[in-house]
Protein chains: 2
Amino acid sequence: MRTVYVNGDYLPETEAKVSIFDRAFLMADGVYEVTSVLGGKLIDFPGHLARLERSLNELDMKKPAAFDDLLEIHRELVRLNGIEDGLIYLQVTRGSDGDRDFVFPDAETTEPTLVMFTQSKPGLADSPQAKTGLKIISIDDLRWGRRDIKTVQLLYPSMGKMMAKKAGCDDAWMVEDGFVTEGTSNNAYIVKDGKIITRELSNDILHGITRAAVLKFANEAQMVVEERPFTIDEAKQADEGFVTSASAFVMPVVEIDGTALGGGTPGPVATRLREIYLEESLKAAV
Amino acid sequence: MRTVYVNGDYLPETEAKVSIFDRAFLMADGVYEVTSVLGGKLIDFPGHLARLERSLNELDMKKPAAFDDLLEIHRELVRLNGIEDGLIYLQVTRGSDGDRDFVFPDAETTEPTLVMFTQSKPGLADSPQAKTGLKIISIDDLRWGRRDIKTVQLLYPSMGKMMAKKAGCDDAWMVEDGFVTEGTSNNAYIVKDGKIITRELSNDILHGITRAAVLKFANEAQMVVEERPFTIDEAKQADEGFVTSASAFVMPVVEIDGTALGGGTPGPVATRLREIYLEESLKAAV
């Protein structure tokens with residue numbers, strides 16, 4: 001039985017509830033972050049906190065009262081649940097004024113909802129998928145236009161994951177106006193002639209915390225990074241592909257729409273970046 | 001204190017809660033309907049039920065156990081809350097298997113969540129706004145690509161309503177690729193030289209229950225209806241504008257982006273359609 005956090009209380013997971021009038025339940029009016037835990041420590045935590053603040057600001061959403069205490073709550077959840085490796089999920093919603101209206105509730109009198117819970121994932125950094133790589137399908141990107149804000153509007157990414165599953169694959173890359181935006185819950189990359197190619201930041205994609213770290217490490221390792229959109233056709237002709245996310249770190253992609261990349265096995269750039277990322281992130285873990 | 005319905009129970013509204021792991025709370029994985037109540041009776045109820053079934057089917061979502069009993073629950077909520085005029089909100093979510101994953105939970109073992117509540121709106125059919133009309137702004141349509149499915153992904157429409165409010169207006173019409181899609185919570189129409197123009201049905205707009213009824217009544221009254229997209233410029237030069245929705249019925253639009261339509265007062269077509277719709281719908285109310 002997990003202990004989870006809801007608005008100041010640590011509760012058994014089965015008792016963790018929110019009002020049916022909560023704006024996240026009725027209107028998807030909430031934002032979230034997922035932080036990895038390795039060896040009991042938080043990976044890239046300041047990055048997640050900074051992005052959370054940005055998401056809240058973009059939506060004129062109040063910080064939860066406990067914003068300054070978030071590190072402490074993360075650590076308490078790790079402790080209470082004995083998490084060695086795993087994830088901590090955090091969600092902030094605009095709360096509820098006890099009824100439903102498209103107009104935002106009065107920010108003076110309506111407190112945001114803050115929910116946090118852990119997911120234990122023993123051996124998270126040693127995922128067997130990192131050795132075999134992911135098989136990807138491409139699907140149309142039907143999401144809303146502000147993917148830079150990490151909202152809970154995850155129905156389409158969830159549908160995308162189901163489409164991949166039905167196709168016998170692991171994930172989907174989404175395509176808009178002919179170019180790949182990103183994966184259902186990760187940023188997308190290809191490698192060609194030693195060059196790492198990934199879409200530039202804009203409102204079209206999530207500003208991945210792991211993306212920022214991986215690109216920094218790539219630059220420091222003298223790798224060439226080109227930030228621009230690429231097509232599925234270009235991806236199929238690439239030497240390698242990979243994705244990055246807070247929970248998968250750097251994960252090789254070995255097949256796109258049935259076409260094997262490189263030899264159909266994880267490439268050297270993805271493998272090297274995964275090693276560097278895990279090594280450096282563990283050093284900086286809090 | 002309202003009595004609301006949650007998964008088989010009639011509860012005081014303050015005790016109406018759902019798990020933090022509910023898919024609607026975490027992933028906007030839910031659909032909804034809003035039915036008007038006039039004189040204690042339900043307006044267009046079979047239409048809302050049919051659309052609910054379509055939304056569920058499009059998302060591979062199970063019908064809540066009580067699907068066949070929905071009319072009865074609607075009536076019981078009307079009775080328990082003494083609703084003469086108002087709204088009944090119904091939401092179905094994919095439920096929860098007690099954790100968070102992009103992959104849908106097992107449909108065999110995971111029951112959908114069914115939530116319903118009333119909103120009392122005395123004099124709903126005599127709204128003063130029907131006499132003065134709505135002032136509208138235009139905004140970009142940033143919503144996802146399946147607006148034909150009535151999901152709870154309402155963050156952007158909610159933001160649109162706030163943009164309208166800040167501009168001193170009542171609502172926003174959303175524009176995509178140069179053409180109006182619809183309002184934040186209603187379908188959009190203009191009238192030019194006696195012709196009613198409204199966007200044709202597709203995945204780009206909600207398939208309004210009130211829209212279907214109003215177009216039927218318009219045809220029966222020998223009015224000319226043209227189903228095609230229109231621009232904001234065309235709308236500004238129209239003789240009239242109006243919107244339709246389950247809660248506003250037919251509501252005149254008198255201003256778009258600061259330009260008065262017709263004389264800046266509700267036009268005859270909108271006014272007549274509102275009368276016909278209310279008259280006919282009341283006759284068919286259950």
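In what follows, chains are A, B, ... by sequence order, proteins preceding strands, each numbered from 1. Keep in mind that what you see is a predicted model, and the values were worked out from it rather than measured.
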Checklist entry - Is the distance between the ring centroids of B:F25 and A:F25 under 6.0 Å? => result no
Item to check | Closest-packed option against chain B by number of heavy-atom pairs under 4.5 Å, given A:M159, A:R2, A:R94 | outcome: A:R2
Next on the checklist: Quick one about A:D22 and A:T93 (side-chain donor to acceptor, distance below 3.5 Å, no hydrogens or angles considered), yes or no?
Outcome noted: yes
Item to check | Atom group of B:Q91 that falls short of 4.5 Å from chain A, counting heavy atoms | outcome: side chain
Next on the checklist: Between B:K135 and B:D171 (salt bridge meaning N to carboxylate O under 4.0 Å), is one present in this structure?
Outcome noted: no
Checklist entry - Regarding B:R23 and A:S158, is there a side-chain donor-to-acceptor distance under 3.5 Å anywhere? => result yes
Checklist entry - Salt bridge or not for B:R147 and B:E176, using N-O below 4.0 Å? => result yes
Checklist entry - Measuring heavy-atom distances to chain B, does A:V31 have an atom under 4.5 Å in its side chain, in its backbone, in both, or in neither? => result neither
Checklist entry - Looking at B:E182 and B:R199, does any basic side-chain N land under 4.0 Å from a carboxylate oxygen? => result no
Item to check | Partner chain A: residue of B:T184, B:T151, B:D99 with the largest heavy-atom pair count (under 4.5 Å) | outcome: B:D99
Next on the checklist: Tell me whether B:R146 is salt-bridged to B:E58, with the criterion being a basic N under 4.0 Å from an acidic carboxylate O.
Outcome noted: yes
Item to check | Trace of the side chain to side chain contact (heavy atoms under 4.5 Å, CB included) decision for A:V243 with A:L134 | outcome: CA-CA 9 Å; A:V243 297; A:L134 304 179; 3.9 Å; yes
Checklist entry - What residue, out of B:L26, B:L59, B:D140, B:D29, has the most heavy-atom pairs lying under 4.5 Å from chain A? => result B:L26
Next on the checklist: Out of A:G145, A:A164, A:G160, return the one with the most heavy atom pairs under 4.5 angstrom to chain B.
Outcome noted: A:G145
Checklist entry - Contact part of B:K17 toward chain A, heavy-atom cut-off under 4.5 Å: side chain, backbone, both or neither? => result both
Checklist entry - Does any heavy atom of chain A fall under 4.5 Å from the side chain of B:E13, the backbone, both, or neither of them? => result both
Item to check | Test log, rule side chain to side chain contact (heavy atoms under 4.5 Å, CB included), inputs A:L70 and A:M116 | outcome: CA-CA 10 Å; A:L70 288 181; A:M116 290 174 58; 4.2 Å; yes
Next on the checklist: Only pairs of heavy atoms separated by less than 4.5 Å count here; which of A:D60, A:N203, A:V103, A:D101 has the most with chain B?
Outcome noted: A:V103
Next on the checklist: Can you tell me which portion of B:V115 sits under 4.5 Å from chain A's heavy atoms? Options are side chain, backbone, both or neither.
Outcome noted: side chain
Checklist outcome for this item: Most heavy-atom pairs under 4.5 Å with chain A, out of B:V4, B:V152, B:T113, belong to B:V152
Next on the checklist: I need the residue from B:K161, B:R143, B:M162, B:E15 with the largest number of non-hydrogen atom pairs under 4.5 Å to chain A.
Outcome noted: B:M162
Checklist entry - Which region of A:Q119, side chain (C-beta onward) or backbone (N, CA, C, O), has a non-hydrogen atom less than 4.5 Å from a non-hydrogen atom of chain B, or is it both or neither? => result side chain
Next on the checklist: Between A:K150 and A:E33 (salt bridge meaning N to carboxylate O under 4.0 Å), is one present in this structure?
Outcome noted: no
Next on the checklist: I'd like to know which of B:Y156, B:Y32, B:F117 tops the heavy-atom pair count under 4.5 Å against chain A.
Outcome noted: B:F117
Next on the checklist: Does any backbone or side-chain atom of A:L87 lie under 4.5 Å from a heavy atom of chain B? Answer side chain, backbone, both or neither.
Outcome noted: neither
